[in-house]
Asks: 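My structure is below; once you've seen it, I'll send some questions.
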Protein chains: 2
Amino acid sequence: MFDVFEKYLRQWVSVSDEEMALIRAASMERKLRKWQSILHEGEVWKITCFITTGCFRLYRFSADGTDHTLRFGVENWWISDQESYNHEKPSEYNIEALTASTVIIWTKEKWEELRETIPAVKIFNEKLLARGYETSQQRIFSLISNSAEEKYLEFQKTYPKVFNSVPLHMVASYLGISRETLSRIRKDFTRRD
Amino acid sequence: MFDVFEKYLRQWVSVSDEEMALIRAASMERKLRKWQSILHEGEVWKITCFITTGCFRLYRFSADGTDHTLRFGVENWWISDQESYNHEKPSEYNIEALTASTVIIWTKEKWEELRETIPAVKIFNEKLLARGYETSQQRIFSLISNSAEEKYLEFQKTYPKVFNSVPLHMVASYLGISRETLSRIRKDFTRRD
DNA sequence: AAATGGCGTTGACATTTGTCACGCTTTTTG
DNA sequence: CAAAAAGCGTGACAAATGTCAACGCCATTT
């Protein structure tokens, strides 16, 4: 499974074989069954986690008890709670596997050590953070400027792989609309084809 | 005006007097009159920009010609288009001064040099990016989980200084609701006091 | 002092979206 | 395999929000 990650990482930065060996030695593989949680609210997120197979979602409960999907993660994505990780404070979020999944993880200690030791890891980490920020900005624009239907179509188009991997009611919760509304949008849309 | 920035920066990281002198030498001050733009869509954002006085907004037009406020900036905030800056690509956003304002700016060249030369600047920049990401995540949660009224109240409470500095119709555009809806929320709310 | 224009408000009405209830199908689980 | 649960769709209705038009206020300009 590490091979998947190795290939992915080399697309971002150039890493020598020795460095890659260090990164590998510091990593662990973990398997999760369907619905298994990898983060419960209240816990501190202390790992760096790369998804090799399967699918996850990061979600949070609001005061009325409903849950809202902040983000999905599929193969070759990272999943984390940056806020909890950075400040070592109890998370307000949950992360769960939506299917049986495999991840590669590094403890915070080891990952920080890799960042300090291997420049490419530091650079890579920065690029990743920058991209995450840009993605968030685009999503905010979509949320404040688009109708439910537009948000749905944009999501489907921008993240087809995610779209095809997750239940529709979670897509609705990701878009900030009810599952019934999503269902009707789909009906209208297919009828128009 | 640089004193304002100096005080701000020292709250984040420890900087020697020599380093601060370098940061200062690389900076420029710029004044903007009300409604003046500092970024037009199509231009590339090539500076790092700290607001010492006044107020800005970052906004974008959607296909139907309406504008949507992505972010505000007031005193002691930064304002930028990270996506344009990072990839040196034409911006899809506009940034304008909402009042007469003063900013401290560094050219991209000089700022990158400072980041490489002075570790504290690099660290500071990373912290800033991390915070921006966390803030975005919180806003996304608010947008997908709150009603118009809840979004309004949360914004008012979380960013009172911004709230008191900008026109209401821009707050509406920031929250993704119409200005009429915002107006009615306010009426309902004051009546309840 | 009058004219102007931006800003916020309001009423009437249309549209969108949410809620509740239900049923059908697929998937999961024991 | 069978029972249970999850997933998805749909109708009827309610609530939230948007749209359009008009108005008043107030700061600024002329």
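Predicted model only: the values in this text are computed from it and were never measured. Labels below follow one simple rule: chain letters A, B, ... track the order of the sequence lines, proteins then strands, and each chain is numbered from 1.
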Asks: List every contact pair, protein side and nucleotides 28-30 of chain D side both N or O, where the distance is under 3.5 Å.
Replies:
none

Asks: Any donor-acceptor pair under 3.5 Å linking the side-chain atoms of Arg57(A) with those of Tyr174(A)?
Replies: no

Asks: So if I define the base as every atom that isn't primed, P, OP1 or OP2, how would nucleotides 8-23 of chain D read as a B/S/- string at a heavy-atom cutoff under 4.0 Å?
Replies: BBBBB----SSBBB--

Asks: Return the value, rounded to whole Å, for the distance between atom CZ of Arg57(A) and atom C1' of dA6(D).
Replies: 13 Å

Asks: Does the side-chain hydrogen bond (donor to acceptor under 3.5 Å, both in side chains) test come out yes or no for Ser173(A) and Thr69(A), once each step is laid out?
Replies: CA-CA 6 Å; Ser173(A) 123; Thr69(A) 303; 2.7 Å; yes

Asks: Does a donor on one side chain and an acceptor on the other come within less than 3.5 Å for Thr53(B) and Thr102(B)?
Replies: yes

Asks: Taking the six-membered ring for Trp, are Tyr85(B) and Trp45(B) ring centroids under 6.0 Å apart?
Replies: no

Asks: Between Ile177(A) and Ile185(A), which heavy-atom pair has the shortest distance, and what is it?
Replies: CD1-CD1, 4.3 Å

Asks: So, taking the atom named CD1 in Ile104(B) and the one named CD in Glu6(B), what distance separates them when rounded to the nearest 0.5 Å?
Replies: 10.0 Å

Asks: Whether the Trp78(B) and Tyr8(B) side chains hold a donor-acceptor pair (N or O, under 3.5 Å, no angle test) is what I'd like checked.
Replies: yes

Asks: Between which nucleotides of DNA chain C, 5' to 3', does chain B make heavy-atom contacts below 4.0 Å?
Replies: dC7(C) to dA12(C)

Asks: State whether a side-chain donor-acceptor pair under 3.5 Å links Thr107(A) with Glu109(A).
Replies: no

Asks: Side chains of Phe2(B) and Ile23(B): closer than 4.5 Å at any heavy-atom pair?
Replies: yes

Asks: Mark yes or no: Arg60(A) above the aromatic ring of Phe141(B), with NZ or CZ under 6.0 Å from the six-membered ring centre and no more than 45 degrees from the axis.
Replies: yes

